[in-house]
Structure formats: C-alpha cells, structure tokens
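Have a look at the structure below, then the notes.
Remember, predicted model here, so these are calculated numbers, not experimental data. So that the names make sense, note that chain A is the first sequence line, chain B the second, and so on, each numbered from 1.
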Amino acid sequence: MSLEKYKQKRDFSKTEEPVGGKGKRKTLSFVVQRHHATSLHYDFRLEMEGVLKSWAVPKGPSLNPADKRLAMMVEDHPFDYGKFEGEIPAGNYGAGVVSIFDAGTYTALDKGTENDLLKGLHDGSLKIKLNGKILKGEFALVRMKTSEQNAWLLIKHKDEYAVTKKFNIEDLVSKEVKKKGLDFKRKKKEPRKPEVEPDDALAYTSVKTKVKLISRNGIDFSSRYKPIVEALAGIKAEAVIDGELVIEDALPKFYVFDLLSLNNHDIRDMDLLKRKALLFELIKKLDHPLIIYSKHERADKEEEDVVQEQEGEEIESRKETAVMETDREEQYGKKIVKLTNLNKLYWPVEKISKGQLIDYYKGVSEYILPHLKDKPLSLNRHPNGIAEPSFFQKDLDREKIPSWIKTAPLYSDSTEKTIDYLVCNDEATLLWMVNLGCIEINPWLSSYKKPEVPLFAVLDLDPHDVDFNEVIAVAKTAKMLLDQMNITAFIKTSGSKGLHIFIPVSPIYDYDITKEFIHYVGQMVFERHPNTTSLERSPAKRKERIYLDFLQNRVGQTIAAPYSVRPKPGATVSAPLAWDELKAGLTTKGFTLFNMGQRLHERGDLWKDMHLVKNNLKKALTL
DNA sequence: GGCCTCA
DNA sequence: TGAGGCCAACGCGCA
DNA sequence: TGCGCG
Ligand SMILES: [Mn+2]
Ligand SMILES: [Mn+2]
C-alpha cells in the first residue's frame, strides 16, 4: 500500500497534517494517537517500510490481556504523521482533535526482522513488543476470520506489563485533552451562554428526534442548555431522565438521579433501585463529562460518583432489559417470521406494545388480507413507535428479505428504475411487515398485474376543523347521489379524522376515468354543501372545510386499508361501517385496536362482499 | 428494524 | 465493535 | 422554475 489513498483523502492547503516524510532506518517506531473525530477512537500505527501501517481502534488499546480490541486497518500514513498533534479543521477528512497518547519504539518478537513483520502483516498475524511510556510489552495483532478484510484484533500478551484490572484507556487521558476534543465538537454549534440559575429538569431523549430539556414548571431549557442537549444526544435510546441543571466552572452540568422511561417503557412503577441501575448503565455508556450520575435522590449537593461496579445491580438491570426485549417466532409451513422487540411501546402514552399490534393483525388477518391481495404496498415504517419519526419505503431488496416474501417489480418512469413492491397475500407476510414497524397498511387501488387499472374509485372526505356531524351529513349526501346512479358503495372511517367511500368498479377503466367520476360526484356534493366542503387542493383555501379529495385516484397513490391501524393517538383503526351507522354519536376515535375484534364478532365483516360488486361507471353517468 | 459503511 | 446513514416521489396549480 | 400537497 502506498500513500496514495492517504493523500487522496486530504486537502493539504486546509489541514496541517504532514504530506509525507520517511522513516529512518535504525529502529522502528510506533505511535498511538487519540483522535476525537465524529467518533472518539485511537489510531494505532507501526512503522514499516518507511511509512506507518495504521489501524483505527474504536476502544483504544488495552493493557489487559482479557481485552480483544477491534482494530480496523486503514490506509498507510506517512512517517511524519506520528508527530502530528492538533486540530484537523471542520470539513476536512477526519475533522477533530488529534493528540499523541503514547509513542516509542517497537520490535518484532522472536528477534524477527522487518521482513518478518511484513510477512506477518500479509499473513494476518503480527507479534510485537512495544517500548512506550504507557504501552509496554508484548502485543499481538491478528486479522479476524470474518468477511471484513480489514478487521483485526489487538491483544496484550501476558507479561510483566500486563494488568488484570479493568482497563479504561480514557482514564489515562488528561482532562485538558478531553476538553479540547469536546470543545472542538461544540465550537461550531453555539457560543457560550451566560450563567443561569440551577433548576430541576426532565430530559427527553430519543433515537431519532431532538433531545428536549424541560424544567419542572414546563419551560423549555433546550436552547439555554445546548451543551447538555448535545451531550444527551449521545444517548441512543428513548429515555426520560430526571435531574438538576447547574453551572460549575462556567460549564453547564446535568446531575441525573432518576429514570422515568426507557425504550418507550414507562418504568415509574419499577423499583427505584432498578431504575437507578438502568440510569447508571445509560450514563456510564454515554460517558460524558457534563452528564453526571448521582447516586442519591434529589440532594442539595451531590458528590460525583466514581463509576464503580456494583455487581448485583449490574446483573439485575440486564435482566430487566432482557425482560423488556422479547422476541418470538411464528411458523407458517416453510415460512418463518421473526418477531422482535415485542414489548416495545409503539404508543408510549397509551402503553400499547408492538406485540399487541402484531396480535391485533393476527386476529383480523382473514378480514384484511382479501383487500390487500395482489396490491403493491407503500410501507410507512415506525420502528420506534408513533412518537418518533417514520420513513417510507417502496423498494425492497430481494437479497435482504426472506425468499418467501412476494414482491412485484414495477417500472417507475420518473426514476427510470424498477421498484420491487411488497405484495401481502398471506398472514406470514402481514406479520413480517408489521414487525418492520408498519403500523398502517397502505395498498394501491390497483393490482400489480394491471397497475393502470383501478379496482376502486375512492372519495376521501378530509375534514379540516369541521364538526364530525357535518362529515356524516356530507357522506350521506354522497350516498344519496350514488344511490341515484345505482352505484353500490362502501364506507369506512379513515381511522384518523375522516371517512373513506370505496366504489368497487369493473376492471375496465383507467385512473383518469375513476378520478373524473369522483370529481364529478364531488362537485355535486359541493353544490349541496357549498359552505362546508371544498375541492381546492391548496390547504389555505379549504380552512374549516371538508376536502373532497378525488386526487387519490391516481397510479401509485395509496389509502389506508380497511382494518388498518393508524399511527395515531388511541391506536385507532380504519373501520368498515354500515351506512346506517352514519348518525350523531359516531366518531372515528371509537374504533380501536382493542374493540375491533368484538365489533367483528357482533357485526361481522361489513366489507366482505366488496369484491362481489363491480360497478359500471359509464352506465352510472348516463342515469 | 435491519442492513451497510466507515473508523 | 459501534455509530450513523439510509429507506418515496405523482404531477398539477400556484408564486 | 420551483414548492407544496396527501
Ligand atoms: Mn483516525
Ligand atoms: Mn384522508
């Protein structure tokens, strides 16, 4: 390996890292640099052939032979890089702060020559003896037998320099060095804030959304205590942490003493000790100087707790976590569905778990599946529940999903590529997609076999701050008009705020026809409710009106399936209705994941005859 | 949620 | 190993 | 010529 890669990654007019430089012959040197970049790691470098063979060691080297430290081999660095310390400016490769942790000379074990070292490098096994200030004695670097070619392990041999105690390299780093790294990361963002009064606060962390810091009386401290918010962003879990904000040495600090929620599990009922054990784990993992775990309950003056192992608590807390992360497997013939994180709360307020969602879909699968048959699906995935952001997915990678999953390749003109849409024709697939975080099920209105031929025309009633009784009145008007045209239509709640009217049609139209038909029906409805409905697309022009959305009738558009749960408060369901249920008292909130089973039992499947009906729109228009 | 990439 | 990124996109009315 | 929309 030459230095080509090294030079290619850097712009030497912008970084002070060395361009080159050759090693001298006599002895070989090594250096370990602490590199506080996007993620803190240590770079382990050995001089060979006049350059520095380099490994990035995420957790840094250890003097404890029990530790196997992952070391990812990276490009060779010039010899002079071993002397480099300082800042790599933002925007450059490896931006952050570099400091030399240790340096010295090294030799190959068994009086090997440099050639032996090169052979060892090639063969994936290096045995060396370091002679540094901190790192002394024998080490082995062994290439892992994984598919990842660059993964090595750095292991201390047992010798007089080895330690048996837990070895944490960061304990050997001076405060000043650590601070420099943190300051660099912080610098770009925001200027220092003046000192403020200490205050109690709750911190809300999350996997994807911003950390929130709210005072006891509801004031948002997030901008006032930005460094704390940024520090807490390192907590890669949903958590509600109780603590106290103070200013010390002109630095804001957050002393934390209780954990109220973790991974969307409300744990306030849990033992205080267990909660504290979980909090301790969380804060230890975060390992941030501004966030300090406090053993005590609200104390006036907390003394900093040295991180110490409390074995009993450790085990306890792990057990607790294990209880919260249950997995299960379902088998349908040869199809095996892995269901994960079943106790995760998808509705944190209502405390409804992913497992309950999956159970609901199992219960209604025989009713929902006929409506999904052969329809391409757009996935709206909420892997962290309804309170966290979701993302959409259409294209599935056949390589990365079980082979029994059915997909339909459909060509997209706009992106000029083929998209493998999910098709859900059985319960196994339904549970598989729900497990991926699909709270709602969104099928097309046409089959993948004839994507341009809609099987339904849909009138979507979208109320914007309109009394639901008016929505009911509008739906009844639509029903009356459709009756006059001899059209058989079906109705359901959207599961959100509105109603969906579905008109199954003969498979002989294109979307322009169904769209224009619904547009026409919409216009007639509008004539009868000119003050409460609107056909305008611009939301500004339909304030406090019911939007008669006919534009849903287009290729690629989706609408929530009947019996689909919606990612909304209360775990509401899009519920098929009988037309005579359209009367005062009806609400969309009344149908939830909890009562649909009972309703199906009492009323049966109100949409079961949907596929027997094939309306003729042309005939209807002539009536 | 799961997979890939990068250090 | 561990963190971060990625995972959609129709076409039409309007400024 | 681009943005917003569901
Ligand atoms: Mn580095
Ligand atoms: Mn709607």
Quiz prompt | Nearest-angstrom distance from the residue atom CZ of A/Phe392 to C1' of C/dG5 | solution = 19 Å

Quiz item: Between C/dG5 and D/dG6, how far is it from one C1' atom to the other, in whole Å?
Solution: 27 Å

Practice problem: Check the distance between B/dC3's P and A/Phe391's CZ and give it to me in whole angstrom. | Solution: 12 Å

Quiz item: When rounded to the nearest Å, what value does the distance between C1' atoms of D/dG4 and C/dA8 take?
Solution: 16 Å

Quiz item: Rounded to the Å, how far apart are A/Trp432 CH2 and B/dC3 P?
Solution: 10 Å

Quiz item: Can we say A/Glu17 and A/Lys9 salt-bridge, meaning some charged N sits less than 4.0 Å from an Asp/Glu carboxylate O?
Solution: no

Practice problem: For A/Tyr421, answer base if it contacts any base atom (sugar-phosphate contacts may also be present), sugar-phosphate if it contacts only those atoms, and nothing otherwise; contact means non-hydrogen atoms under 4.0 Å. | Solution: nothing

Quiz item: Whole-Å distance between C/dC7 P and A/Asn384 CG?
Solution: 17 Å

Quiz item: How many angstroms lie between CD in A/Glu470 and OG1 in A/Thr532, if you round to the nearest 0.5 Å?
Solution: 3.5 Å

Exercise. Take A/Thr38 and A/Leu70, find for each the nucleotide of DNA chain C with the closest heavy atom, and name the residue whose nucleotide sits nearer the 5' end.
Key: A/Leu70

Quiz item: Is the phosphate of B/dG2, meaning OP1 or OP2, less than 4.0 Å from a side-chain N or O of A/Thr340?
Solution: yes

Quiz prompt | Sequence neighbours excluded - ring pair (Phe, Tyr, Trp, His ring centres under 6.0 Å) pairs with any residue from residues 437-464 of chain A | solution = A/Tyr421-A/Trp444, A/Phe456-A/Phe502

Practice problem: Indicate, with a heavy-atom threshold strictly under 4.0 Å, whether A/Arg381 touches base, sugar-phosphate, or nothing. | Solution: base

Quiz item: If you check the A/Ile419 side chain, which of C/dA9, B/dG1, B/dA7 turns out closest?
Solution: C/dA9

Quiz item: Does the side chain of A/Lys354 get closer than 4.0 angstrom to OP1 or OP2 of B/dG1 through an N or O atom?
Solution: yes

Exercise. Grab the CG-P distance between A/Asp43 and B/dC6 for me, whole Å please.
Key: 16 Å

Practice problem: Take atom CH2 of A/Trp444 and atom P of C/dA9, then tell me their distance rounded to the nearest Å. | Solution: 11 Å

Practice problem: Whole angstrom is fine here: how far is it from CG in A/Asn553 over to C1' in C/dC12? | Solution: 15 Å

Pairs under 3.5 angstrom, nitrogen or oxygen only, protein versus nucleotides 1-6 of chain D, please.
residue: D/dG6; atom: OP1; partner: A/Arg542; partner atom: NH1; Å: 2.8
residue: D/dG6; atom: OP1; partner: A/Arg542; partner atom: NH2; Å: 3.2
residue: D/dG6; atom: N2; partner: A/Arg554; partner atom: NH2; Å: 3.1
residue: D/dG6; atom: N2; partner: A/Gln557; partner atom: OE1; Å: 3.1
residue: D/dG6; atom: N2; partner: A/Gln557; partner atom: NE2; Å: 3.1

Self-check item: Comparing A/Val555 and A/Lys541 on DNA chain C - which has the more 5′ nearest nucleotide
Solution: A/Val555

Self-check item: Salt bridge present between A/Asp512 and A/Lys515 (N-O < 4.0 angstrom)
Solution: yes

Quiz prompt | Test side chain to side chain contact (heavy atoms under 4.5 Å, CB included) applied to A/Thr407 and A/Ile401, A/Asp395, A/Val423, A/Asp397, the passing residue | solution = A/Ile401

Self-check item: Carboxylate-amine/guanidinium contact A/Arg328 A/Asp359, below 4.0 Å
Solution: yes

Practice problem: Just compare B/dA7, C/dC14, C/dG4 and give me whichever is closest to any side-chain atom of A/Lys236. | Solution: C/dG4

Quiz item: Just how far, in rounded Å, is C1' of C/dA9 from OH of A/Tyr411?
Solution: 15 Å

Exercise. Return no unless some side-chain N or O of A/Asn435 is found under 4.0 Å from OP1 or OP2 of B/dG1.
Key: no

Quiz item: Contacts to DNA chain C from residues 394-410 of chain A, heavy-atom cutoff under 4.0 Å, which residues?
Solution: A/Lys394, A/Asp395

Self-check item: Whether A/Phe139 and A/Phe44 hold their rings parallel, tilted or perpendicular, with breakpoints at 30° and 60°
Solution: tilted

Quiz item: Taking the inter-plane angle between the rings of A/Tyr520 and A/Phe517 on a 0 to 90° scale, is it parallel (under 30°), tilted (30 to 60°) or perpendicular (over 60°)?
Solution: tilted

Practice problem: Determine the interatomic distance between C1' on C/dC6 and the same-named atom on D/dC5; round to the nearest Å. | Solution: 24 Å

Quiz item: According to the interplanar angle, ranging from 0 to 90°, do the rings of A/Phe101 and A/Tyr42 count as parallel (below 30°), tilted (30 to 60°) or perpendicular (above 60°)?
Solution: perpendicular

Quiz item: Among C/dT1, B/dG1, C/dA9, which nucleotide sits nearest the side chain of A/Lys417?
Solution: C/dA9

Quiz item: Any Lys/Arg nitrogen of A/Glu330 or A/Lys362 sitting under 4.0 Å from an Asp/Glu carboxylate oxygen of the other?
Solution: yes

Quiz item: In terms of heavy-atom contacts, does CD of A/Glu170 have more than 12 from other residues, nucleotides or ligands at under 6.0 Å?
Solution: yes

Self-check item: Touch class at under 4.0 angstrom, heavy-atom based, for A/Ser412 against every strand present
Solution: sugar-phosphate

Self-check item: Side-chain N or O of A/Tyr346 closer than 4.0 Å to phosphate OP1/OP2 of B/dG1
Solution: yes

